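Keep in mind it's a predicted model, so treat the numbers as computed, not measured.
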Amino acid sequence: MDKIQFESNLWQVQQIYKDMQSILNGLVRWISSDGPERQELDKFLDTLKIQKNDETRFIASQRLGNWKFEPLDVYLEKQWKTQQERDEYFESSYIYTRKYVEQLQQNMLDRIKSEWLLSDFYMMILQETHNLGVLFSDLFLVWNKKLLFWINRELEQRFENDSDAIMQYLEKNNLFDLGHNNDRADRSYSILESEGDGYKKLAYADACKPEVTAILQQLQKFIEKIQKSQDEVYDKKDDFVAYYISIYEALSETDTDILVEKWSEVDVKWMAIDTPIQPAHPIEAYEDKYRKAVSIEIDLRIVNSELFTSMVQSDVESMYEWFFDEIGRDGEFQQAYKFSLNSMKQVQLYLWVPYLSYGSFLCGMYSAQVVPNDAEVSKVYGKKIFAFPEFVLEGYRNMPFMKLDSETMWEVLLTGFRKFLHGSNQRFYEVYDIETIGHEFGHTLWLAPDTEVTMNKKTGLFKNIEEFKATAGWMVAYFMNEKRELRDDIVTTCLARNIKMMRYREVEDIIPYYCECLISLHIFFESGIISIENGKMDLDITDASYENFKETYIGVYSHLIHTYLNKKDAGEFLYEYVEKVDGVFLPKQKELREFVGRYYTLYKEIGNEVDESAKKEDYLF
């Protein structure tokens, strides 16, 4: 198969994915209607021994279709289930979901193979990724239980939920993995295990030996198959071989002092793969708030580049240069200036569909991603930004309207947000480019190679301000090159997302985004562009309120820039806007705290209830 035919066939391969995605997205439409899809929802509920009604069928549609556990957990808490029981439901719901999704994914692969849409080489890459992915999902369940359900909770009980004390204990007892220069790393590829009165570090290969051994055996077979094959389309066989050998070597490594070095080599090999079909390996570390243990996940992405051409990078770069015109490029921040600019200029940007997903992805997907996270790798090889715009849009549009939104947003804000989501595709992609892809570019700014480790050392809160830095980056870049026709949609969607994130204050891997939105809401409120009346948020965009919003936002971002350039502890910036009360980050501002508290209470009460009074056809473009 030649390159022209191969790339022509990718359109059909994407349609097969869309057919699968329509099944997943369509589950929510059968909450109140009879049909085979509803039987799937009921089968899920019967397996978990949960009563069947509209609320629980909505919960089932979110676990099976959107891979989210949070709606189920809210329901379980309302049923007074213990933490141990909720953990058991997490595991049983994950097992059911993964089997359901794995069968749909295998059906996709069988169809691609039967229609001869890919070359033998890339058909093999897809099928073997699936075979590996099934095993990674096995590993994820064990990793999740040992790390998040056992060790981290044990640490919190031991230190009475004092995260600063936990971080100090880990530092004092050398329980972090080592980085490139034998300093404390910004992430871990190991798990703690109790040893006497303390703990020892175990690489994943030792901590989860049966599961990792099974993966290594499958990897060895995969590598041998690649070695015997030829990539006649892109001539990338050697790069794929090198990539999977590096994964084998990293995953089999048991010396915790060189794990980061081994996995950084995986990142290096991966950066050489630039084909329209790309696998990915464990990269992100959001679930573990203490040692930043990298999550167990693999996936495969396929290019979807015909949707639109991204324009946001030049705006972000211009904004960055404008600030350094004021700061100066040749002084004490010269290293950060060059490091960040180099990272941004080396970005490979891809619009993709998330074709195959395993492990932690079956607890929720990204809307976009900028990787790798290893600063030493990015210094030389840059980064990849993956954006999933069509996946995100379809996910929004297939969600029903929820009572929680109607109870927490006044009509102007709620109507504006709904009309945007169900309006013009082109308008959505324009805003997605600015907000979501711009967010990923925003991550590349104001960094030196040691910034994260230094800012994270005392409180471990770096990620809790890093997500705000990324969002503020695109927002300020937009302010400096405004498209007036997008102004109201930009402000409305940003505010609506901030509000909706208030439900995630206890979901560990989403707390960094929750904190981002707390800071952003502070800016909205202080600028006077929003108000709160009877527990609901209202938005009033006028020329005057918008200008004040801009000025306030730029002021906070300028303060954040100097926090990064001076590598101050992340907690210093975060605690200017929030405080931690009984283990939960909350706004300092009184009215905002009351709103956030009311929102969360309502989320626990009605978060799974559909708003039957609103019809989507009323908001169609």
- Item | Derivation of the side-chain contact (heavy atoms from CB on, under 4.5 Å) call for W67 and C363 | CA-CA 5 Å; W67 307 342; C363 300; over 6 Å; no
- Note on the structure: Nearest heavy-atom contact between P276 and E7 is CG-OE2, 4.3 Å
- Set of residues satisfying ring-ring contact (aromatic ring centres under 6.0 Å, His included) with respect to F333, sequence neighbours excluded: none
- Student check: side-chain heavy atoms of W446 and T563 closer than 4.5 Å: no
- Between H281 and E297: side-chain donor-acceptor atoms closer than 3.5 Å: no
- Can a salt bridge be assigned to the pair E224 and K228 using a cut-off of 4.0 Å between side-chain N and carboxylate O? no
- Task: State plainly whether the residues K262 and E265 are in salt-bridge range, i.e. N to O under 4.0 Å.
- Result: no
- Tell me, with the steps shown, if E102 and V134 meet side-chain contact (heavy atoms from CB on, under 4.5 Å). CA-CA 7 Å; E102 285 167 5; V134 170; 3.8 Å; yes
- Hits for salt bridge (Lys or Arg N to Asp or Glu O under 4.0 Å) against D569, two or more places apart or cross-chain, chain-then-number order -> none
- Item | Verdict with supporting geometry, Y169 and L175, side-chain contact (heavy atoms from CB on, under 4.5 Å) | CA-CA 8 Å; Y169 172 81; L175 292 173; 3.8 Å; yes
- Passing candidate, side-chain contact (heavy atoms from CB on, under 4.5 Å) with I247, options I215, V266, I298, I223: V266
- How many angstroms lie between CG in D238 and CG in D231, if you round to the nearest 0.5 Å? 10.0 Å
- Query: Taking the six-membered ring for Trp, are the ring centroids of Y17 and Y355 within less than 6.0 Å of each other?
  - Reply: yes
- Message: Please enumerate all residues that pass side-chain contact (heavy atoms from CB on, under 4.5 Å) together with N9, with sequence neighbours excluded.
- Response: M1, Q5, Q12, L117
- Here the gap from M271 atom CE to D239 atom CG, rounded to the nearest 0.5 Å, amounts to 12.5 Å
- For K457, enumerate each residue passing the side-chain contact (heavy atoms from CB on, under 4.5 Å) test, keeping only those at least two apart in sequence or located in another chain. E171, R184
- Message: If only side-chain N and O atoms count, and only distance matters, is there a donor-acceptor pair under 3.5 Å linking Y89 with D73?
- Response: no
- Donor-acceptor pair, side chain of D288 and main chain of A293, under 3.5 angstrom: yes
- Task: With rounding to the nearest 0.5 Å, note down the distance linking CG in N152 to CD1 in I166.
- Result: 7.5 Å
- Have Q369 and K384 got a donor and an acceptor in their side chains that come within less than 3.5 Å? no
- Validation row, ring centre F121 to ring centre F240 under 6.0 Å: yes
- Query: Using a distance-only test with no angle check, is there a side-chain donor-acceptor pair under 3.5 angstrom linking D177 and T256?
  - Reply: no
- Candidate pair Y564 and F573, rule ring-ring contact (aromatic ring centres under 6.0 Å, His included), full reasoning: CA-CA 10 Å; Y564 269 78; F573 180 85; 8.2 Å; no
- Message: Checking side-chain polar atoms at under 3.5 Å, does D374 have a donor or acceptor matched by the opposite partner on H180?
- Response: yes
- Query: Got a salt bridge between K201 and D257, using NZ or NE/NH1/NH2 to carboxylate O under 4.0 Å?
  - Reply: yes
- Query: Is there a donor-acceptor contact under 3.5 Å linking the side chains of T444 and S343?
  - Reply: no
- Nearest non-hydrogen partners of Y320 and A336, listed with the distance: OH-O, 3.4 Å
- State, without any angle test, whether D186 and N456 hold a side-chain donor-acceptor pair at a distance under 3.5 Å. no
- Item | Closest non-hydrogen atom pair, L445 against K469 | O-NZ, 2.7 Å
- Query: Side-chain donor-acceptor pair under 3.5 Å between S246 and K269, yes or no?
  - Reply: no
- Task: Ignoring hydrogens and angles, state whether a donor on the side chain of Q62 or N66 is under 3.5 Å from an acceptor on the partner side chain.
- Result: yes
- Message: Working note: R98 + S137, criterion side chain to side chain donor-acceptor pair (under 3.5 Å); need CA distance, chi angles, decisive distance, verdict.
- Response: CA-CA 8 Å; R98 61 164 292 190; S137 291; 4.6 Å; no
- Item | Pair S295-E284, side-chain donor/acceptor within less than 3.5 Å | no
- Query: Between D299 and R301, is the closest basic N to carboxylate O distance under 4.0 Å?
  - Reply: yes
- Query: Taking all atoms of both residues into account, what is the closest heavy-atom pair of W270 and P279, and its distance?
  - Reply: NE1-O, 2.8 Å
- Decide if the gap between the ring center of Y100 and the ring center of F44 is smaller than 6.0 angstrom. no
- For Y358, what residues pass the ring-ring contact (aromatic ring centres under 6.0 Å, His included) criterion, not counting sequence neighbours? H130
- Query: Between K458 and D164, is the closest basic N to carboxylate O distance under 4.0 Å?
  - Reply: no
- Message: With a 4.0 Å cut-off on N to O distance, would you call E128 and K225 a salt bridge?
- Response: yes
- Message: I'd like to check Q106 versus Q127 (side-chain heavy atoms, cut-off strictly below 4.5 Å). Are they in contact?
- Response: yes
- Query: Between Y94 and F140, is the gap from one ring center to the other below 6.0 Å?
  - Reply: yes
- With no hydrogens and no angle check, do the side chains of E261 and S264 hold a donor and an acceptor under 3.5 Å apart? no
- Can you establish whether the number of heavy atoms outside Y381 located under 6.0 Å from its atom OH is more than 12? no
- Under 3.5 Å, is there a donor-acceptor pair linking the side chains of Y189 and R187? yes
- Message: I need the minimum non-hydrogen distance between G571 and T459, along with the two atoms involved.
- Response: N-OG1, 3.7 Å
- To the nearest 0.5 angstrom, please state how far the CD atom of Q83 sits from the CD atom of E88. 10.5 Å
- Using the salt bridge (charged side-chain N to carboxylate O under 4.0 Å, His left out) rule, pick out the option among K145, K81, R153 that qualifies with D87. R153
- Decide, yes or no, whether a salt bridge links K289 with E156 under the criterion of side-chain N to carboxylate O below 4.0 Å. yes
- Closest non-hydrogen atom pair, V380 against Q346: O-OE1, 3.0 Å
- Message: Quick check on the 6.0 Å ring-centre criterion: do Y248 and F222 meet it?
- Response: no
- Pair E390 + K18: basic N to acidic O under 4.0 Å: yes
- Without hydrogens or angle criteria, can the side chains of Y286 and Y513 be said to hold a donor-acceptor pair below 3.5 Å? yes
- Query: Does a side-chain N-to-carboxylate-O contact under 4.0 Å join D110 and K113?
  - Reply: no
- Query: Does F136 have any ring-ring contact (aromatic ring centres under 6.0 Å, His included) partners at least two apart in sequence or in another chain, and if so, which?
  - Reply: none
- Task: Rounded to the nearest 0.5 Å, what's the gap from CG on N373 to CD on E452? Could you check?
- Result: 7.0 Å
- Task: For residues Y514 and F585, establish whether the separation of their ring centroids is below 6.0 Å.
- Result: no
- Spatial distance of atom CG (D267) from atom CH2 (W263) [nearest 0.5 Å]: 9.0 Å
